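Please read the structure below before turning to the comments.
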Amino acid sequence: MNAAEPLKCRPSDYKSEVKPIWCPGCGDYHVLMALTRAMAALGLPPERIAVVSGIGCSSRIPAYTNCYGFHGVHGRSLAVATGLKIARPDITVICASGDGDGYSIGGNHFLHACRRNVDLAYIVMDNHIYGMTKGQPSPTTEPDFDTALAPGGTGLRPFNPLVVALASGANFVARAYSGNPNETAELIVDAIKHPGFSFVEILSPCVTYRPDQRSWKDRVHPAPVTPTDDPARAARRLMTDDGFNLGVLYRGHRAPYTPPTAAAMVAPESLEEEFEV
Amino acid sequence: MTAGANSVSVAMVGSGGAGVLTTGEMLLEAACAAGWNGLLTRSVGPQIRGGEAASLLRLARSPVECMADQFDLLVGIDWVNAGRFGDEIPLGESSVLVCDPAAGAPPPMAANAKRVIELPIAEITKAHPAWRANMLALGAAGHLLGLDESALHGVIAKRFAAKGSEVVAANVAAAAAGARAVDTERGRVALAPVAQAAAKRWLITGNEAVALGALLGGVRFAAAYPITPASDILEWLAPNLTKVGGTLVQAEDELASVNMIIGASYGGVPSLTATSGPGLSLMIESLGLATAAEVPIVIVDVMRGGPSTGIPTKSEQSDLNIAIYGMHGDAPHLVIAPQSVGDCWLSAQWATGLAEALQAPAIVLSDQFLGQAQTAITRPVERPPTGKRRVADGANLPYARYAAGGDGVSPMAIPGTARCAYTADGLTHTERGTPTSGAHDHVAQLDKRRDKLDGHEYGPLWATIEGDSETAVLAWGSLTGVVREGIAQARADGVSAKLIAPRLLLPTRPAEMSAALAGVKRVLVVEQTHGMQFLKYLRAHYDLPAEVSVLHRPGPLPIRPHEVRQRLIEGGSR
Ligand SMILES: Cc1ncc(C[n+]2csc(CCOP(=O)(O)OP(=O)(O)O)c2C)c(N)n1
Ligand code: SF4
Ligand SMILES: [Mg+2]
């Protein structure tokens, strides 16, 4: 970090002038608020932060910040973030997704990002629906939720992202609710500071296609337990919780991924020697 | 005794464990140490390990870029399943067959070879259990080629040094015995001697040359997902990138590998991945992202037989269409095709520089033949023009990442640069990067991305143009060497032809191609595809003369120089 740079400490300093396309009342506004509060709390200059995303309503978030942003293709945000962080370890990299982007089309990258444990914060705005494409079921949609694409419901058991993250090796697992932006901001700060791959699932209602999610504000509650560093205990809790426990649910100690380094550096020209006859 | 040939081709076959592949490498190495040039390809059965194998070598006085029309020498260590290689090992009446009478009847392809030399492998190895059959074959082949014994013994000593002096001595003795056992009077295939070349020489594959070239071009990050025949690039890069301060990451799939390099390059680090057709197919959506977001990346596609899983171990040029046209939308990008193993070194550097300078994805379209042929070549010296990324420093504010106008290349801000933070986007965007669906911005950005590529001055590297004639042969990639040799053969028959081989396949160069085709009345197109992809590409983008014919064949069988010669002698038309 450049010490000469005056540290900006107001959330508004991290907000861009771009007007969000989100519907009035969308939970993602609160996620943006929480994210900029987290950045202000960290006091990092915006140019030292990169926010990387895929495609979806939620994935629009990078351009609404004043940081470096990357709005890529659907489902690949973790791969972009991984490449960026490994190539530029000096940059704080935050990856943002929706439940469709992160758990469906990008599901494989989720597994491997957890396993690889690169020092990233991964926030997923989960509204249990494909918002941007107007209301199709996602991997976290309830089995009986009626949609045009799955009349009467999918009949499929929802995906449990926190359990999957834990089983795949994520180093930090938390659940937040966008309607509590201060707590969400604290969890994001915690995730960014925690070394390795930190996953924050943010319940973020889609008021347009899931008006029923307005009831989430009454259903969420702080997790009744303190965070554990024991994966077995965390797994049992996550497998049995009601999906509305908020807070840090697992905090591991795995060392983050570091690429191999050479003892001594050589000039690329010298590498041709191995081919000389 | 004649002075020897300028080029001799040797095939060695044997079943699993016979050591045919090692023998081929050692023969090439020894020939190379003696001053000759050459190339070696290998062909194996479907088994993952073991199984029948063939080493296909061509040794020559001057550098060679393709296989010859036929093999002058076939050495059979045994004949188990050797018939499988029949199509790949054409033999003529003058060809020499070296085999053990105890190994049974040679496969049908050997019937053409009228000169047979016996090498009693079973008998000799029975008397000397420490002698290995492939060393006898190596000695025999070396002797028939007129290869200096000390060169061969030197290679043996080097190869087996780790196994101790007894093993070295046994193998040297076996090679010497093999040499003594063959009667050169029955079939001479000697190569003309050469003076040791003054210039430095390399023993290298195209895949290694691509990887080395990419590092010289500035690549410092690679993401990898294994695939035949491209994995060698990634495996060479893994340790060597580390040595130069870079990083290679193994990705979970090609969707990840291409997006990882996009992320790394967005972060300011020149980045590459290597794959083959199936992987390129998976990467295509994100290649469009790199085009739209203007992130420089290099993707090496080492082509193999397709579609689908196709023939992973055999060469074809059938990824031309996907490389040129694969992306949805109007997505200008760079496609550069190396023409020889040495050219892999040059093309990878050039492609990296162009991608960086023009902030666009570059596909390096190599193929299995170039990638995996091991060749002895003169060290290439002339490096291509370098290219550097134009970066923003925060001087011109407000910063507009995608500012149009000028040459179309707008300075790219690298994360960490103050006052220039922007969001790179695959959505149609304004000059500042904000998503829009407005017609004006859409057209302005499409124009920008087209103009920066079309307007660039690529210089003479865009194509190889040789000779002058009313007949031109158009080829690309690894077929360039085949055509060059076919034209040389035809010249001996009094028929001339001009060679035009574009190295830069995209953006197309209509003005340069028109100049190259000035005065040309007939065109022969030569390509290794079933669907005549190159012909269709040429017809779509260039004005060809009225008389056009095509010589095309899919893999796995290579097109050989004499087929080009034949077509030229017939008049270049059907
Ligand atoms: C390859 C590809 N397939 C499909 C789409 C269409 N698409 C855009 S967003 C989206 C789903 C987004 O859902 P989610 O990630 O949950 O985001 P939300 O809009 O709910 O925030 C889909 C399927 C696309 N852009 N790209
Ligand atoms: S559709 Fe749903 S998720 Fe998308 S902006 Fe509207 S409320 Fe938010
Ligand atoms: Mg969603």
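The sequence lines fix the lettering, A, B, ..., with proteins before strands; numbering per chain opens at 1. This structure is a prediction, so every number in the text was calculated from the model and none was measured.
Pairing each heavy atom of A:Tyr257 with each of B:Thr247, the nearest pair is OH-CG2, 4.5 Å. Closest approach of B:Gly416 to A:Arg48, counting heavy atoms only: CA-NH1, 3.7 Å. Of all heavy-atom pairs spanning B:Ala264 and A:Ala87, the tightest one is CB-CB, 3.6 Å. Of all heavy-atom pairs spanning A:Arg116 and B:Ala251, the tightest one is NH2-CA, 3.8 Å. Scanning all heavy atoms of the two residues, the minimum distance from B:Phe221 to A:Gly83 falls at CZ-CA, 3.9 Å.
A distance of 5.5 Å separates CD of A:Glu272 from NZ of B:Lys200, quoted to the nearest 0.5 Å. In this structure, A:Phe275 CZ and B:Trp345 CH2 are separated by 12.5 Å, a value rounded to the nearest 0.5 Å. Between A:Leu84 atom CG and B:Asn259 atom CG the span is 12.0 Å, to the nearest 0.5 Å. Interatomic distance, B:Asp253 CG to A:Arg76 CZ, rounded to the nearest 0.5 Å: 7.0 Å. The line from CG of A:Leu78 to CE of B:Met260 is 9.0 Å long, rounded to the nearest 0.5 Å. Here the NE2-CG distance, from A:His71 to B:Leu289, works out to 10.0 Å after rounding to the nearest 0.5 Å.
B:Tyr422 and A:Tyr68 have perpendicular rings, their planes meeting at more than 60° on a 0 to 90° scale where under 30° would count as parallel.
Neither the backbone nor the side chain of B:Ala376 comes within contact range of chain A; no heavy atoms are under 4.5 Å apart. Neither the backbone nor the side chain of B:Ala223 has a heavy atom closer than 4.5 Å to any heavy atom of chain A. If you measure heavy-atom distances from B:Val295 to chain A, the contacts under 4.5 Å come from the side chain alone. For a residue to count as touching a neighbouring chain, one of its non-hydrogen atoms must lie under 4.5 Å from one of that chain's; by this rule B:Arg432 does not touch chain A. For B:Val244, the parts sitting under 4.5 Å from any heavy atom of chain A are the backbone and the side chain alike. If you measure heavy-atom distances from B:Pro435 to chain A, the contacts under 4.5 Å come from the side chain alone. Using a 4.5 Å cut-off between heavy atoms, B:Thr417 contacts chain A through both its backbone and its side chain. Residue B:Thr242 touches chain A through both its backbone and its side chain, counting heavy-atom pairs closer than 4.5 Å. For B:Arg383, the part lying near chain A is the side chain, with the backbone staying farther off; criterion is any non-hydrogen pair under 4.5 Å. Within the 4.5 angstrom heavy-atom criterion, no atom of B:Gln374 approaches chain A. A:Arg60 touches chain B through its side chain: at least one heavy atom from C-beta onward sits under 4.5 Å away, while N, CA, C and O do not. At a 4.5 Å heavy-atom cutoff, the contact between A:Ala63 and chain B is made by backbone and side-chain atoms alike. There is no contact between B:Ile261 and chain A, counting heavy-atom distances below 4.5 Å. Proximity to chain B (any heavy atom under 4.5 Å) is restricted, for A:Val18, to the side chain, taken from C-beta onward. For B:Leu241, no part sits under 4.5 Å from any heavy atom of chain A, backbone or side chain.
Ionic pairing of A:Glu276 and B:Arg379 is not present here: no N-O contact between side-chain nitrogen and carboxylate oxygen is shorter than 4.0 angstrom.
Note on B:Asn240, B:Thr434, B:Val269, B:Ile262: by heavy-atom pairs under 4.5 Å with chain A, the leading option is B:Asn240. Contact tally against chain B (heavy-atom pairs below 4.5 Å) for A:His112, A:His74, A:His109: the top residue is A:His109. Options A:Ile55, A:Leu271, A:Leu111 differ in how many heavy-atom pairs under 4.5 Å they form with chain B, and the most are formed by A:Leu271.
Under the 3.5 Å distance criterion, the side-chain polar atoms of A:Arg88 are matched with a main-chain donor or acceptor of B:Gly267. With hydrogens and angles disregarded, a donor-acceptor distance shorter than 3.5 Å links the side chain of B:Tyr266 to the backbone of A:Gly69.
In this structure, B:Tyr225 places its OH atom where only 12 or fewer heavy-atom neighbours from other residues, nucleotides or ligands lie under 6.0 Å away. A 6.0 Å sphere centred on CZ of A:Arg254 holds more than 12 heavy atoms belonging to other residues, nucleotides or ligands.
Using a 4.5 Å cut-off between non-hydrogen atoms, the part of residues 261-270 of chain A that approaches chain B consists of A:Thr261, A:Ala262, A:Ala264, A:Met265, A:Val266, A:Ala267, A:Pro268, A:Glu269.
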